[in-house]
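The first residue in the sequence is number 1, and the count goes up from there.
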Amino acid sequence: MEGKLLEMFEVGPCEDDYQLGFLIGQRFCNQIRSRFAGDLILQNQLLPFARTPHAQPLLKALSETNQKKFPRYWAELLGTADGSGVPVLDVIILVNFRKEILPFISKTTMNSNADTTDDCSDVLIVGDSMAVAAHNEDANVALVGHTYLIKGKLSNGLSFIAYTYAGELPSCAFGLNSQGLAFTLNSVPPVEDEIVPAGIGRNFVSRDLLEATSTADALARIRSSEVSVGHSYNLIDIQKRMILNVETASKSRVSVHEVGTTPFFHANMYLHLQVQQVHDENSISRQKRAAVLPQGSKTDFLSLLGDTEDTKYPIYMTGPTLYTLCTTVIDLDERTLTIIEGNPKYEKVSHVFSMSSNELNLKLVNHAEGTHL
């Protein structure tokens with residue numbers, strides 16, 4: 001299964017945040033509508049749940065909490081809905097809050113295919129000769145062909161690039177900005193008792209990170225959000241040559257690990273924040289497999305992220321439910337963010353962005369010949 005070439009849309013500065021979202025929704029209306037039509041989590045779980053009386057207090061509280069905390073991003077989300085012509089409450093809100101809603105849907109109404117979490121893998125290092133963050137962006141197969149890049153320019157002069165799921169805020173995956181900051185994300189599976197209803201949505205936190213001005217500012221933005229469900233953030237600071245893994249949970253719990261000379265592999269389990277979590281066999285298997293693979297070079301990292309030795313729980317996923325949409329490599333010394341299509345061990349590059357200037361310029365890539373790292 002192959003998606004079409006990843007498109008990039010340059011937008012802004014705009015009159016306001018609603019217009020920014022509207023232009024994104026208008027530009028990608030076909031991808032957004034197609035994604036929603038084929039999204040089994042939305043069609044089989046979220047929409048039926050939203051029609052029940054039990055759902056209304058949760059949806060109302062989620063909307064009010066996040067609109068109050070992030071009015072600008074809420075306006076952006078409404079603009080995306082209007083620009084794409086999809087219902088706000090029935091679709092846009094459900095998809096952007098899917099992680100905050102799914103834990104409250106009765107398990108008797110959920111099927112295993114639709115209840116699959118997103119699974120991403122990262123390998124990180126900051127050593128004397130190499131400082132790299134490499135990330136597999138894994139998601140439900142419904143997302144294949146339904147992602148795009150947003151290059152946003154804000155009125156305050158800041159620019160960002162965000163890998164974006166159709167219909168969602170930029171970005172629940174990875175991004176970078178003109179302050180020399182970048183991030184990748186990993187979902188983590190706390191048990192139900194660890195989840196707080198109607199807190200801040202993870203999509204809003206990662207959208208906020210695109211506007212961080214420093215690592216300290218990024219950490220402050222993460223800490224200030226009373227989230228429903230935890231997350232793992234890999235914060236990359238080009239200027240300081242530093243990578244932090246930040247694990248979060250509800251009730252303002254945060255743990256920060258600075259990555260050093262020992263390669264650090266993170267799948268979808270908490271590694272240093274003490275939280276009760278679901279026993280995720282997929283994540284545990286990937287963690288064990290990564291531990292026995294070479295991790296001495298960037299090529300090793302890409303081979304690791306392309307590993308398919310475990311046919312049940314491969315690190316590089318090709319369906320039928322989970323799929324590796326792309327791989328990104330952030331090289332702190334070269335000051336580049338590279339996006340790779342297909343299995344990363346073959347190093348077929350689709351985009352290379354320079355983080356050496358505020359323009360975040362896209363370097364020329366020969367798609368016909370297939371540029372390699």
Enquirer: Report yes or no: do Val229 and Val196 belong to one cluster of Ile/Leu/Val/Met/Phe/Trp/Tyr joined by side chain heavy-atom distances under 4.5 Å?
Expert: no
Enquirer: Only pairs at least two apart or in different chains count here, so list each salt bridge (charged side-chain N to carboxylate O under 4.0 Å, His left out) that has a residue in residues 176-189.
Expert: none
Enquirer: Which residue pairs pass the side chain to side chain donor-acceptor pair (under 3.5 Å) test when at least one of the two sits in residues 242-252, sequence neighbours left out?
Expert: Glu226-Ser252, Ser232-Asn245, Asn234-Asn245, Asn245-His272, Glu247-His266, Ser250-Arg253
Enquirer: Would a single hydrophobic cluster contain both Val188 and Ile222, if residues Ile, Leu, Val, Met, Phe, Trp and Tyr are joined by side-chain heavy-atom contacts under 4.5 Å?
Expert: no
Enquirer: If only atom types and distance count, is the side chain of Ser159 paired as donor or acceptor with the main-chain N or O of Ser178 below 3.5 Å?
Expert: no
Enquirer: Considering non-hydrogen atoms only, spot the tightest contact between Cys172 and Arg98 and give its length.
Expert: SG-NH2, 4.4 Å
Enquirer: Which value, rounded to the nearest 0.5 Å, describes the distance between Leu158 atom CG and Asn177 atom CG?
Expert: 5.0 Å
Enquirer: Verify whether one side chain among Tyr73 and Asn203 offers a donor that lies under 3.5 Å from an acceptor in the other.
Expert: no
Enquirer: Find the distance between NZ (Lys60) and CG (Leu58) and round it off to the nearest 0.5 Å.
Expert: 12.0 Å
Enquirer: Please enumerate all residues that pass ring-ring contact (aromatic ring centres under 6.0 Å, His included) together with Tyr163, with sequence neighbours excluded.
Expert: Phe174
Enquirer: Show your reasoning for whether side-chain contact (heavy atoms from CB on, under 4.5 Å) applies to Leu176 and Ile161.
Expert: CA-CA 5 Å; Leu176 69 153; Ile161 292 172; 3.6 Å; yes
Enquirer: Test: ring pair (Phe, Tyr, Trp, His ring centres under 6.0 Å). Region: residues 212-234. Which pairs qualify, not counting sequence neighbours?
Expert: His231-Tyr233
Enquirer: Can you sort out the partners of Glu359 under side-chain contact (heavy atoms from CB on, under 4.5 Å), two or more places apart, ordered by chain and number?
Expert: Lys153, Ser357, Asn361
Enquirer: Provide the closest heavy-atom pair for Asp217 versus Glu211 in the form atom of the first, atom of the second, distance.
Expert: OD2-O, 4.2 Å
Enquirer: Under 4.5 Å between any side-chain heavy atoms of Leu305 and Ser121, yes or no?
Expert: yes
Enquirer: What closest approach, in Å, do Pro190 and Val278 show between heavy atoms, and which atom pair accounts for it?
Expert: O-CG2, 3.8 Å
Enquirer: Quick one: does any side-chain atom of Ser225 pair with a main-chain N or O of Arg221 as donor and acceptor, under 3.5 Å?
Expert: yes
Enquirer: Assess whether side-chain contact (heavy atoms from CB on, under 4.5 Å) is satisfied between Asn282 and Met317, documenting all intermediate values.
Expert: CA-CA 11 Å; Asn282 187 329; Met317 304 176 187; 4.0 Å; yes
Enquirer: To check you understand the geometry: which heavy-atom pair defines the closest contact between Arg202 and Gly230, and what is its length?
Expert: NH1-O, 2.9 Å
Enquirer: Is there a side-chain contact between Leu59 and Leu94 in this structure, where contact means two heavy atoms from C-beta onward sitting under 4.5 Å apart?
Expert: yes
Enquirer: Around atom CD of Gln43, are there more than 12 heavy atoms from other residues, nucleotides or ligands closer than 6.0 Å?
Expert: yes
Enquirer: Less than 4.0 angstrom from a charged side-chain N to a carboxylate O is my criterion; do Asp119 and Arg286 meet it?
Expert: yes
Enquirer: Are Leu102 and Val205 connected, step by step, through hydrophobic side chains (Ile, Leu, Val, Met, Phe, Trp, Tyr) whose heavy atoms are closer than 4.5 Å?
Expert: yes
Enquirer: Do Phe264 and Asp122 pass the side-chain contact (heavy atoms from CB on, under 4.5 Å) test, and can you show the C-alpha distance, the side-chain angles, and the key distance before you say yes or no?
Expert: CA-CA 8 Å; Phe264 182 79; Asp122 280 76; over 6 Å; no
Enquirer: Identify whether Leu219 and Leu273 are in the same connected component of the hydrophobic contact network (ILVMFWY, side-chain heavy atoms under 4.5 Å).
Expert: no
Enquirer: If the threshold is 4.0 Å, N to carboxylate O, is there a salt bridge linking Glu347 and Lys298?
Expert: no
Enquirer: Heavy atoms only: give me the nearest Ile200-Phe70 pair and the separation to one decimal.
Expert: CG2-CE1, 3.8 Å
Enquirer: Quick check: does any side chain N or O of Asp39 sit under 3.5 Å from a backbone N or O of Arg35, one acting as donor and the other as acceptor?
Expert: no
Enquirer: Under 3.5 Å, side chain of Thr147 to main-chain N/O of Thr164, donor-acceptor pair present?
Expert: no
Enquirer: Is Thr65 reaching over with its side chain to a backbone N or O of Ala61, donor-acceptor style, under 3.5 angstrom?
Expert: yes
Enquirer: State, without any angle test, whether Thr336 and Asp331 hold a side-chain donor-acceptor pair at a distance under 3.5 Å.
Expert: no
Enquirer: So, the side chain of Asn268 versus the backbone of Asn186: is there a donor-acceptor pair under 3.5 Å, distance only?
Expert: no
Enquirer: Can you name the nearest heavy-atom pair linking Gly167 to Phe36, along with the distance?
Expert: CA-CZ, 4.0 Å
Enquirer: Does Glu76 have any side chain to side chain donor-acceptor pair (under 3.5 Å) partners at least two apart in sequence or in another chain, and if so, which?
Expert: Arg207
Enquirer: Below 4.0 angstrom, N of the basic side chain to O of the carboxylate: do Asp310 and Arg289 qualify?
Expert: no
Enquirer: Look at the side-chain heavy atoms of Ile, Leu, Val, Met, Phe, Trp and Tyr, link any pair under 4.5 Å apart, and say whether Tyr316 and Tyr346 land in one connected group.
Expert: no
Enquirer: Looking at side-chain heavy atoms only, is the closest gap between Leu210 and Pro170 below 4.5 Å?
Expert: yes
Enquirer: Do the side chains of Leu235 and Leu209 get nearer than 4.5 Å, heavy atoms only?
Expert: yes
Enquirer: So among Leu77, Ile93, Thr80, which one has a side-chain contact (heavy atoms from CB on, under 4.5 Å) with Val88?
Expert: Ile93
Enquirer: Is it the case that the side chain of Gln287 and the backbone of Phe265 share a donor-acceptor pair, with hydrogens and angles ignored and the cut-off at 3.5 Å?
Expert: yes
Enquirer: Is the shortest side-chain heavy-atom distance between Leu154 and Phe160 below 4.5 Å?
Expert: yes
Enquirer: Quick check for you: to the nearest 0.5 Å, what is the distance between Leu325 atom CG and His146 atom NE2?
Expert: 11.0 Å
Enquirer: Less than 4.5 Å apart, any side-chain heavy atom of Ser214 and any of Gln179?
Expert: no
Enquirer: Using modelled atom types only, decide if a donor and an acceptor are shared between the side chain of Asp82 and the backbone of Phe22 within a distance under 3.5 Å.
Expert: no
Enquirer: Leu244 and side-chain contact (heavy atoms from CB on, under 4.5 Å): which single residue from Ile236, Asp237, Leu124, Thr215 fits?
Expert: Thr215
Enquirer: Distance from Glu10 atom CD to Leu149 atom CG, nearest 0.5 Å?
Expert: 10.5 Å
Enquirer: Using a 4.5 Å cut-off on heavy atoms from C-beta on, say whether the side chain of Leu78 contacts that of Gln67.
Expert: no
Enquirer: Do the non-hydrogen side-chain atoms of Ile101 and Leu62 ever get within less than 4.5 Å of each other?
Expert: yes
Enquirer: Could you tell me whether the side chain of Asp307 and the main chain of Ala290 form a donor-acceptor pair under 3.5 Å?
Expert: no
Enquirer: Walk me through it: do Ile284 and Tyr313 pass the test side-chain contact (heavy atoms from CB on, under 4.5 Å)?
Expert: CA-CA 9 Å; Ile284 293 170; Tyr313 298 120; over 6 Å; no
Enquirer: Using a strict cut-off of less than 4.0 Å between a Lys/Arg side-chain nitrogen and an Asp/Glu carboxylate oxygen, indicate whether Glu281 and Lys312 qualify as a salt bridge.
Expert: no
Enquirer: Mind checking the CG-OG1 spacing from Asp138 to Thr321? Nearest 0.5 Å is all I need.
Expert: 12.5 Å
Enquirer: To the nearest 0.5 Å, what is the distance between CD on Gln295 and OG on Ser303?
Expert: 11.5 Å
Enquirer: Between Thr299 and Ser297, is there a donor-acceptor pair closer than 3.5 Å when you use the side chain of the first and the backbone of the second?
Expert: no
Enquirer: Ring centres of Tyr165 and Phe28 under 6.0 Å apart?
Expert: no
